[in-house]
Amino acid sequence: MNIKQTENYRRQQASLDAVDRPNQADRPEQHAFCADSGVAKIVTNAENGAYTITQQWWDSGADPPAWSDAISPGGLVGASARDIDQRDGAEAGRIVRFWRERDLSGAIETLIDIGWVSPAFWASITGSAADGANRWKYAFSEVYKSSAGYGGWATLSGGRSGTTSTNPARNSIEDMNTGADSHVEGNGVDPANLDPAATGSDTFSLMPCTSGNIVQMRQVDCGSAVEYWFSYENGVDGDCGS
């Protein structure tokens, strides 16, 4: 068959395929154990690296758009899963990657990776508590932009949050702080220069991030647990003595 005959044959075959009704076997059907991958939310931590998860489907019609629990059948709902490194530090509500593959026996298992780094999200600082010298733990709530310009931030329903005692956030700029004289802190200030002995009766101190500040927050995996970190250069405030 020459090239011209081959082209004519392909055109004829394509035309026949276009008018043929699809074969029943070609129609898509749901399969109980179809290997796939996607995004899931941790429902429970069963310890020793075992979890239950529910697949997440993106809801572009929500206000604001957000992940939504999948519906069964069609999505994984309350499915058993295992972290690839047997890590047991992920809390309920965390969003993770999942995928399904066969094990050596041929059975399908669901795997997750709690070490997956999620993108930064916006959060409002809502409080602070001392956590050492010139270091603080922060309460926060995830927020989204509801209107243009300054202001217009609103708390995200079902978003991530923490208190100063449960899932607190920490400031990366404070990580190197010691509070010791002759040591330059993360914001570039030596505490010795704030000491009343050096400044007379003046009393100045490093201040925590102010409540109400909007910051970019990141979820960080530290092996056996999840932490929340942001960056904010601490201000200095105090009182000038007479």
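Computed over heavy atoms, backbone and side chain alike; hydrogens, waters and symmetry mates excluded. No experiment lies behind these values; they were computed from the predicted model shown.
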If you define the side chain from C-beta out and look only at heavy atoms, does anything of [X] sit under 4.5 Å from [Y]?
X	Y	value
Arg170	Glu227	yes
Thr178	Glu185	yes
Phe98	Asp36	yes
Tyr138	Pro208	yes

Review point. Is it true that Trp136 and Val236 fall in one hydrophobic cluster, defined by side-chain heavy atoms closer than 4.5 Å?
Key: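 In one cluster with Trp136: Val236, yes.
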
Point to revise | Under the ring pair (Phe, Tyr, Trp, His ring centres under 6.0 Å) test, residues paired with Trp122 that sit two or more places apart | key: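 Counting only residues at least two positions away or on another chain, Trp122 forms a ring pair (Phe, Tyr, Trp, His ring centres under 6.0 Å) with Trp153.
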
Review point. Partners of Tyr232 by ring pair (Phe, Tyr, Trp, His ring centres under 6.0 Å), sequence neighbours excluded?
Key: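 Tyr232 satisfies ring pair (Phe, Tyr, Trp, His ring centres under 6.0 Å) with no residue once adjacent residues are dropped.
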
Minimum heavy-atom distance [X]-[Y], with the two atoms named:
X	Y	result
Ser147	Gly152	OG-CA, 3.2 Å
Arg102	Ile108	CG-CD1, 3.4 Å
Ala70	Gly75	CB-CA, 4.0 Å
Gln86	Asn48	NE2-O, 3.6 Å
Asn234	Cys209	ND2-N, 4.2 Å
Asp113	Val96	O-CB, 4.1 Å

Exercise for review: Please determine which of Ile125, Val143, Asn171 meets the side-chain contact (heavy atoms from CB on, under 4.5 Å) test together with Val215.
Suggested key: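 Only one option passes, and that is Ile125.
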
Check your understanding: Charged N to carboxylate O below 4.0 Å: is that the case for Asp175 and Arg135?
Key ->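 Salt bridge between Asp175 and Arg135, a charged N being under 4.0 Å from a carboxylate O: no.
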
Exercise for review: Given ring-ring contact (aromatic ring centres under 6.0 Å, His included), test Trp67 with Trp58 step by step and report yes or no.
Suggested key: CA-CA 5 Å; Trp67 291 111; Trp58 185 250; 5.1 Å; yes

Point to revise | Plane angle bin for Phe121 and Phe140 - parallel if under 30°, tilted between 30 and 60°, otherwise perpendicular | key: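 If you compare the ring of Phe140 with that of Phe121, the planes turn out tilted.
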
**Study point:** Expected output: side-chain Asp59 to main-chain Ala66 donor-acceptor under 3.5 Å
**Key:**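 Not at all, since once roles are kept as given, no pair shorter than 3.5 Å links the two residues.
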
Point to revise | N/O donor-acceptor pair under 3.5 Å between Asp103 side chain and Ser105 backbone | key: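 Yes: the side chain of Asp103 pairs with the backbone of Ser105.
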
Practice item. State, without any angle test, whether Thr52 and Thr44 hold a side-chain donor-acceptor pair at a distance under 3.5 Å. Key: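 There is such a pair between these side chains.
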
Review point. Residues in salt bridge (Lys or Arg N to Asp or Glu O under 4.0 Å) with Asp69, at least two apart?
Key: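 For Asp69, the residues satisfying salt bridge (Lys or Arg N to Asp or Glu O under 4.0 Å) (neighbours in sequence not counted) are Lys41.
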
Exercise for review: Evaluate the criterion side-chain contact (heavy atoms from CB on, under 4.5 Å) for residue pair Ser124 and Ile214; output intermediate values, then yes/no.
Suggested key: CA-CA 5 Å; Ser124 174; Ile214 304 297; 3.8 Å; yes

